[in-house]
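Notes for the one structure printed next.
What's counted below: heavy atoms across the whole structure, side chains too, no hydrogens, waters or symmetry copies. Just so you know, these numbers come straight off a predicted model, no measurement behind them. Per chain, numbering begins at 1; letters A, B, ... match sequence-line order.
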Amino acid sequence: MLSCKQFMSELNAYLDEATSPEERERLQRHINECPNCWVVVDTTQKTLRVYKGVEAQTVPPDVSERLMAALQRKMAEKRGRC
Amino acid sequence: MGGGWYSKRETGMQSSNGSVAFDEGALVERARAGDDSAFAELVGQYDRKVYRLARNITQNDEDAEDVLQDAFLKAYTHLDNFHGDSKFYTWIVRIAVNEALMKLRKRRGDKLVSLDEEIELGEEAVTREIAVWDGNPEQTYSQEELRVVLDEAIQSLKPTFRSVFQLRDVEELSTEETAEALGLSIPAVKSRLLRARLQLRERLTRQFKRKGDDAFAFL
């Protein structure tokens with residue numbers, strides 16, 4: 001049977017579904033037999049899900065205004081050269 | 001700033017279900033042809049993500065604002081160099097990462113900030129917290145509360161892990177794109193990503209674990 005350390009070195013491939021079907025089956029067998037690794041897989045999947053799911057905060061209005069003002073200046077500069 | 005030439009997230013094509021699909025390629029083409037409003041719409045589409053990326057790498061609001069501004073100004077100036085062989089989003093992320101790393105270097109007294117330092121992947125325990133979570137945080141916490149918890153956790157990572165996780169798992173770039181953006185080898189991206197994921201899992205588990213589950217580790 002795969003050791004936990006061997007399993008951990010393959011964790012990313014398992015999470016990213018980047019394994020061959022045979023390798024996936026081998027990893028899956030380990031998870032079924034090892035409660036600790038099952039918990040690590042489950043909570044790491046949840047960690048990724050929660051990061052992917054949370055929306056980026058809106059850019060603060062003053063920051064956004066300064067960005068657009070700087071862009072407008074740059075655009076005017078470019079038009080002036082044309 | 002008035003609506004006129006800059007109106008956020010309004011460009012797109014009407015899809016069959018009536019929603020507006022964002023057409024990055026068409027906007028880039030228009031911007032390259034000299035349509036400034038198209039470029040402004042690209043900014044409106046990605047400013048939040050670029051700002052988040054900049055804040056997470058620099059860990060400083062002022063630097064993040066500079067990075068946001070410099071990245072989009074550079075992209076505008078060098079738009080002719082963008083040939084569309086990658087997505088505009090990937091391109092702007094690469095520019096922003098470079099700007100953010102330069103900020104970090106400056107702030108650390110011009111000492112080289114290397115993301116390519118050796119990391120050990122030995123027996124160090126990064127899986128001390130073995131406990132199931134108490135339901136789904138997405139349902140228990142508001143977006144704002146979650147954002148605070150996630151920000152604190154990601155800020156606790158070393159820069160090298162934080163940048164890789166940010167690009168791979170938050171901005172969803174491929175391993176290759178992440179390696180290119182950060183100037184790392186593909187194996188280095190993979191090993192850093194594993195470390196980052198495990199460390200974040202560890203931190204979030206401390207926050208979200210079901211009460212009384214510490215004893216689960218004996219299994």
How long is the gap from [atom1] on [X] to [atom2] on [Y], to the nearest 0.5 Å?
{"X": "B/D169", "Y": "A/T44", "atom1": "CG", "atom2": "OG1", "answer": "10.5 Å"}
{"X": "B/R201", "Y": "A/D42", "atom1": "CZ", "atom2": "CG", "answer": "10.0 Å"}
{"X": "A/M75", "Y": "B/D36", "atom1": "CE", "atom2": "CG", "answer": "4.0 Å"}
{"X": "B/F72", "Y": "A/L71", "atom1": "CZ", "atom2": "CG", "answer": "8.0 Å"}
{"X": "A/K78", "Y": "B/L79", "atom1": "NZ", "atom2": "CG", "answer": "6.5 Å"}
{"X": "A/S9", "Y": "B/L194", "atom1": "OG", "atom2": "CG", "answer": "8.0 Å"}

[X] versus chain A, heavy atoms under 4.5 Å apart: side chain, backbone, both or neither?
{"X": "B/F165", "answer": "side chain"}
{"X": "B/L204", "answer": "side chain"}
{"X": "B/E171", "answer": "neither"}
{"X": "B/A64", "answer": "neither"}

Under the rule for side-chain hydrogen bond (donor to acceptor under 3.5 Å, both in side chains), what residues qualify as partners of B/E29, not counting sequence neighbours?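 Once residues adjacent in sequence are excluded, B/E29 has no partner under the side-chain hydrogen bond (donor to acceptor under 3.5 Å, both in side chains) criterion.
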Verify, without hydrogens or angle tests, whether A/N36 (side chain) and B/I130 (backbone) share a donor-acceptor contact under 3.5 angstrom.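 No.
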Between A/E55 (side chain only) and B/Q143 (backbone N and O only), is there a donor and an acceptor less than 3.5 Å apart?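 Checking the backbone N and O of B/Q143 against the side chain of A/E55, no donor-acceptor pair under 3.5 Å is found.
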Write down the atom of A/S64, the atom of B/D47, and the distance for their closest heavy-atom approach.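 In this case the closest contact between A/S64 and B/D47 is OG-OD2, 4.3 Å.
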Show the nearest heavy-atom pair for residues A/K74 and B/L73, with the distance to one decimal.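 Nearest pair, atom of A/K74 first, then B/L73: CB-CD2, 3.9 Å.
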Report, as yes or no, whether the 6.0 Å neighbourhood of atom CD on B/E144 holds more than 12 heavy atoms from other residues, nucleotides or ligands.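 Above 12, so yes.
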With a 4.5 Å limit on heavy-atom distance, are the side chains of A/L11 and B/L198 in contact?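 Result yes, sub-4.5 Å side-chain heavy-atom pair found.
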Give the member of [options] that has the highest number of heavy-atom pairs under 4.5 Å with chain A.
{"options": "B/T77, B/L146, B/L200", "value": "B/L200"}
{"options": "B/R52, B/R203, B/K190, B/K49", "value": "B/R52"}
{"options": "B/F208, B/Y51, B/Y76", "value": "B/Y76"}
{"options": "B/V149, B/L193, B/V170", "value": "B/L193"}

Residues in residues 15-22 of chain A near chain B [non-hydrogen atoms, under 4.5 Å]: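 Checking residues 15-22 of chain A against chain B gives A/L15, A/D16.
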For chain B, which residues of residues 45-53 of chain A have at least one non-hydrogen atom nearer than 4.5 Å to it?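 Expected list: A/K46, A/T47, A/L48, A/R49, A/V50, A/Y51, A/K52, A/G53.
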Given a strict heavy-atom distance threshold of 4.5 Å, which part of A/R73 is in contact with chain B: side chain, backbone, both, or neither?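 No part of it gets close to chain B.
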At a heavy-atom distance under 4.5 Å, which candidate from A/A13, A/A56, A/C34 has the highest pair count against chain B?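 That would be A/A56.
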So B/V132 and A/T43, side chain to side chain contact (heavy atoms under 4.5 Å, CB included) or not? Walk me through it. CA-CA 7 Å; B/V132 293; A/T43 48; 5.6 Å; no
Report, by ascending residue number, the residues of residues 53-63 of chain B in heavy-atom contact with chain A at a distance under 4.5 Å; give 'none' if the set is empty.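 Heavy-atom contacts from residues 53-63 of chain B to chain A are B/R55.
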